[in-house]
Amino acid sequence: MADNGLADHLADLYAAWGGVTFKRMFGGHGVYRDGVMFGLIASGVFYLKVDADTKPQFEAESLPPFVYDGGAKPITMSYHRAPERALDDPDELIAWSQLALSAAKRAAAGKGKKKR
């Protein structure tokens with residue numbers, strides 16, 4: 001599924017959750033709620049933000065991370081593929097997305113702290 005088509009499909013699934021926006025970036029889309037990016041669409045695949053608290057749930061489902069070519073070496077991002085079944089079930093998509101949004105908010109809060 002092309003990125004624009006996937007974004008439109010996800011927008012329909014997120015209608016009940018509300019407040020989800022999509023911004024074009026780097027040939028794909030960032031997926032936002034509450035001003036925080038919690039999802040990424042790249043090359044027709046939907047990825048959700050993970051952190052130390054949520055990554056085990058994604059790994060338990062064998063959902064791989066988003067990796068891109070960084071030139072000298074591949075770069076692994078803190079986003080993992082969303083389960084395929086969630087792309088057909090709004091309730092399941094929202095449940096996984098709530099995990100991702102929580103991870104994204106924790107990451108944003110951590111960036112706001114000043115280092116001593």
Side-chain angles (χ1 to χ4, degrees):
M1 184 178 296
D3 289 353
N4 287 336
L6 181 54
D8 291 342
H9 177 70
L10 290 171
D12 289 342
L13 292 173
Y14 281 129
W17 199 28
V20 176
T21 59
F22 299 82
K23 294 182 184 175
R24 291 187 61 63
M25 55 184 279
F26 308 113
H29 293 80
V31 185
Y32 295 78
R33 188 164 194 251
D34 301 332
V36 178
M37 185 172 151
F38 72 91
L40 170 69
I41 299 171
S43 301
V45 179
F46 184 44
Y47 298 89
L48 293 166
K49 179 77 172 167
V50 301
D51 66 3
D53 292 344
T54 60
K55 188 175 180 179
Q57 291 168 277
F58 286 80
E59 290 177 336
E61 295 265 344
S62 299
L63 299 167
F66 173 62
V67 179
Y68 70 93
D69 181 7
K73 63 179 182 170
I75 306 294
T76 301
M77 301 291 292
S78 59
Y79 289 83
H80 278 243
R81 189 176 193 131
E84 285 294 321
R85 67 184 180 276
L87 301 180
D88 294 320
D89 181 343
D91 294 331
E92 180 139 5
L93 179 64
I94 291 167
W96 283 93
S97 297
Q98 286 172 328
L99 292 173
L101 182 60
S102 294
K105 286 182 176 182
R106 285 189 294 272
K111 288 180 183 176
K113 294 180 181 176
K114 291 186 179 183
K115 293 182 182 178
R116 292 183 179 251

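In what follows, every heavy atom counts, from backbone to side chain, and hydrogens, waters and symmetry copies are set aside. From a predicted model like this one, the values you see are computed outputs, not experimental measurements.
In plain terms, the two heavy atoms of Leu48 and Ser97 that are nearest each other are CD2-OG, 3.9 Å. Closest approach of His80 and Val50 over heavy atoms only: CD2-CG2, 3.4 Å. Pairing each heavy atom of Ala104 with each of Val36, the nearest pair is CB-CG1, 3.3 Å. Ala42 approaches Tyr47 most closely through the heavy-atom pair O-CE1, 4.1 Å. The heavy-atom pair separating Ala100 from Phe38 by the smallest distance is CB-O, 3.6 Å. Closest approach of Phe58 and Arg81 over heavy atoms only: CD2-O, 3.8 Å.
Distance check: Asp34 CG to Thr21 OG1 gives 9.5 Å after rounding to the nearest 0.5 Å. To the nearest 0.5 Å, atoms CD1 (Ile94) and CG (Leu99) are separated by 12.5 Å. Leu6 CG to Phe22 CZ: the interatomic distance, rounded to the nearest 0.5 Å, is 8.0 Å. Put simply, CZ on Phe46 and NE2 on His9 are 10.5 Å apart, with the number rounded to the nearest 0.5 Å. A distance of 9.5 Å separates OH of Tyr32 from CG of Leu40, quoted to the nearest 0.5 Å.
With a 4.5 Å cut-off on side-chain heavy atoms, Leu87 and Leu10 count as touching. With a 4.5 Å cut-off on side-chain heavy atoms, Asn4 and His29 count as touching. Between Trp17 and Arg33, the closest side-chain pair of non-hydrogen atoms falls below 4.5 Å. Between Leu63 and Pro83 the shortest side-chain heavy-atom distance falls below 4.5 Å. A 4.5 Å side-chain heavy-atom check between Thr54 and Lys49 finds every atom pair outside the cut-off.
With hydrophobic clusters built from ILVMFWY side chains whose heavy atoms lie under 4.5 angstrom apart, Phe66 shares a cluster with Ile75. Both Tyr79 and Met25 belong to a single network of hydrophobic side chains, linked directly or stepwise wherever heavy atoms of I, L, V, M, F, W or Y lie under 4.5 Å apart.
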